[in-house]
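Scroll down for the structure; my scribbles are underneath it.
Quantities reported herein were computed from a predicted structural model and do not represent experimental measurements. Chain identifiers are assigned alphabetically (A, B, ...) following the order of the sequence lines, protein sequences preceding nucleic acid strands; residue numbering begins at 1 within each chain.
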Protein chains: 2
Amino acid sequence: MMKQTTKEKIVTEAARLFAQKGYGAVSVDEIAKAVGIKAPSLYKHYKNKQEIFDAVLTEMNTRYEKNMAAVQMDGRNSRADAALFDGLSEEQLVSLGKKLFDFFLHDDYAVNFRKLLTIEQFQDNELAAMYTKQYADDPLTYQGMLFALLIQAGVIRDGDPQIMALQFYAPIYLLLSICDRHPEREMEVVKMLEQHTRQFHALYQIGAEKND
Amino acid sequence: MMKQTTKEKIVTEAARLFAQKGYGAVSVDEIAKAVGIKAPSLYKHYKNKQEIFDAVLTEMNTRYEKNMAAVQMDGRNSRADAALFDGLSEEQLVSLGKKLFDFFLHDDYAVNFRKLLTIEQFQDNELAAMYTKQYADDPLTYQGMLFALLIQAGVIRDGDPQIMALQFYAPIYLLLSICDRHPEREMEVVKMLEQHTRQFHALYQIGAEKND
DNA sequence: GTCTATAAGAAGATAGAC
DNA sequence: GTCTATCTTCTTATAGAC
């Protein structure tokens, strides 16, 4: 970890505070105190409070995009693909679900970003778009591609891969939202997550007859 | 519609404003303007701003509880039960999903309450508990009971009814959150909802072999 | 119950010394 | 780049006339 400049520290602390209480409820004085300077000094680094918020958003978005790029590479590299086309075992699917869940629930930046977007999503179109991209469209698109590959390879039953992605991902999303509000329920929720994943696997694996 | 007293109108307008912008971002002056009086007059009806917020919450919660009581009665009355045990047709399930979705998306009070709780859910434990009860625990419990009945009656395949409820409801919840931010996507989203419901029905109806 | 006037304080932001 | 001092505006809330 490099030592942060004051400008970077402002973004770090502001991100934490905005995620906890929302933009309007955080004063510039609070941010300054968290950084360890006086409020007027903030204005040497950023023009105003809004510009601090924009910097937080930009930083978080950059991290998200980098992360997604890394995940997509994982999903496409030869070793991972090989494992997928070997057949999708129940344990692999359980592990995939738990990993996804664990990252979103415990990565500090991911948590702060999610809380911030949750609180501020109705403030303007840009924030609404970011929320939907990150927590709906991107996961559904990405996982839809995975399921499409698995169908093509004959590993899982035929069906609409987009809908499969919805049915696989939406429970993860709902359970995540529970844990964001009630961290003490994590164990119970992770148990449900695992049951969901196993049941999902049983429903969609080849050999489970479809009759419609 | 009865004509509202000033005290009632304050709650109505405050509910709308708090849901749009959150508690902190709404000034008592705005509430007063929406009601058509001056700010100081508000204090003849409520002790302070927080008390207005509490009144909004109480009113919304009362409406929710009444609504749920009504729905549960529906789910338990003899005609509805008879229809369920006759067998759960694909069209019935599609209709159930769409009705649930439509109510949550277009009922003014339901929308305002959901937005309010979404924005303020991290402010205190009471709000977090209300959110989780309404949008996670209550739907999962209620639908879990329905699926348990359907399994008992041999209408659908054996399995954990709680997990079935999660897999049926979570996609509805996710799609709803998309429409809250992007009303213009309603058509596309309702289409996905219908596809989800049909695929869910196909997966769980009797005759779809389970092999695990 | 509604108004005008106003108090009391918090918040964002600037000026200018160091 | 950081500070102290200060300005200005907004916000909650009260006092008191009608």
Kindly state which residues belonging to residues 13-21 of chain B come within less than 4.0 angstrom of DNA chain C, counting heavy atoms of the residue only, listed by number.
none

Test: salt bridge (Lys or Arg N to Asp or Glu O under 4.0 Å). Region: residues 17-27 of chain B. Which pairs qualify, not counting sequence neighbours?
Lys21(B)-Glu30(B)

Please confirm whether Tyr173(A) and Tyr169(B) have ring centers closer than 6.0 angstrom.
no

Do Phe147(B) and Phe200(B) have their ring centres less than 6.0 Å from each other?
yes

Measure NZ/Lys33(A) against P/dC3(D) and give the value in whole Å, please.
12 Å

Per the salt bridge (Lys or Arg N to Asp or Glu O under 4.0 Å) rule, what does the pair list look like for residues 47-63 of chain B, sequence neighbours excluded?
Glu59(B)-Arg63(B)

Given dC3(D), dG1(C), dT4(C), the nucleotide with the shortest approach to the side chain of Lys38(B)
dT4(C)

For dG1(D), does either OP1 or OP2 sit under 4.0 Å from a side-chain N or O belonging to Thr6(A)?
no

Would you kindly give the CG-to-C1' distance between Leu42(B) and dT11(D), to the nearest whole Å?
13 Å

Are Tyr109(A) and Phe113(A) near enough that their ring centres are under 6.0 Å apart?
no

Please list all pairs meeting salt bridge (Lys or Arg N to Asp or Glu O under 4.0 Å) that have one or both residues in residues 97-112 of chain B, counting only residues at least two apart or in different chains.
Lys98(B)-Glu194(B)

So Gln50(B) and Tyr23(B), side chain to side chain contact (heavy atoms under 4.5 Å, CB included) or not? Walk me through it.
CA-CA 9 Å; Gln50(B) 184 63 47; Tyr23(B) 178 81; 3.4 Å; yes

In whole angstroms, how far is the P atom of dA10(C) from the CD1 atom of Ile31(A)?
18 Å

Starting at the 5' end of nucleotides 12-17 of chain C, put B wherever the base has a protein heavy atom under 4.0 Å, S where only the sugar-phosphate does, and a dash everywhere else.
SBBB--

Looking at Ser41(B), I'd like to know whether one of its side-chain N or O atoms comes within less than 4.0 Å of OP1 or OP2 on dG1(C).
no

What pairs of residues pass the salt bridge (Lys or Arg N to Asp or Glu O under 4.0 Å) test when at least one of them lies in residues 175-188 of chain A, not counting sequence neighbours?
Arg114(A)-Asp180(A), Arg185(A)-Glu188(A), Arg185(A)-Asp137(B)

